[in-house]
Amino acid sequence: MTYDRNNIFAKILRGEIPCKKIYENEYVLSFHDINPQKKIHALVIPKGSFKDLDDFVQNAKDKEILEFFKAIPHVAKLLKVSSVEGGYRALSNIGENGGQEVPHLHFHIFGGEKVGKMVS
Ligand code: 5GP
């Protein structure tokens, strides 16, 4: 499957629909999930057009990959859920069996309370 330019996160990146922004730089955007599953539920997405983690690691530049993975703990710090502030879960759903709904790579950051069982 090729990248769908009309997915909701592509629209957020183009500014066509709003988001509650947490952090942005040249490579990534982070915003609050519209339907939070925990007290804190944020999303971190790369600005490049990658549908999932497999696509990203195969096709992104090393700098994009580095900046993306650095952004996740950075956002956790901004949200005060870092490893020294209670901790959090970073999770990415990949493809149909992984439960991915939006086909633009994203990591969820869950925190602010005990996140619970890893898989239900
Ligand atoms: P997935 O199931 O693909 O891993 O997660 C997609 C996430 O995107 C869901 O947690 C869902 O609530 C969130 N989401 C879907 N549409 C929007 C939107 O328009 N804005 C924001 N901020 N989050 C969205």
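First listed ligand is number 1; within each ligand, the first listed atom is number 1.
Remark: side-chain polar atoms of H106 are paired, donor with acceptor, to backbone N or O of H104 under 3.5 angstrom.
Between I12 and ligand 1, no N or O atom pair is found at a separation short of 3.5 Å. Geometrically, ligand 1 and L43 share no nitrogen or oxygen pair separated by less than 3.5 Å.
By heavy-atom distance, the residue among D33, N35, N7, I17 lying nearest atom 11 (C) of ligand 1 is D33.
At a threshold of 4.5 Å between non-hydrogen side-chain atoms, the residues L105 and K51 do not count as touching. Contact of the V57 side chain with the F50 side chain is not registered, since no non-hydrogen atoms from C-beta on lie closer than 4.5 Å.
Considering K20, K38, H41 as possible partners of D33, the one that fulfils the side chain to side chain donor-acceptor pair (under 3.5 Å) test is H41.
Distances below 4.0 Å separate heavy atoms of Q100 from the following atoms of ligand 1: 3 (O). Near N93, the atoms of ligand 1 lying under 4.0 angstrom from a non-hydrogen atom of the residue are 1 (P), 2 (O), 4 (O). Residue contact check: G99 has heavy atoms under 4.0 Å from atoms 2 (O) of ligand 1. Counting atoms of ligand 1 from 1 in the listed order, those under 4.0 Å from a heavy atom of I8 are 16 (N), 19 (O). Set against the non-hydrogen atoms of H106, the atoms of ligand 1 under 4.0 Å away are 1 (P), 3 (O), 4 (O), 5 (O), 6 (C).
With a 4.0 Å heavy-atom cut-off, ligand 1 is reached by the side chain of H108 but not by its N, CA, C or O.
For atom 8 (O) of ligand 1, the closest non-hydrogen atom of the protein is F9 CZ, 3.4 Å. The closest protein non-hydrogen atom to atom 17 (C) of ligand 1 is I34 CG2, 3.7 Å.
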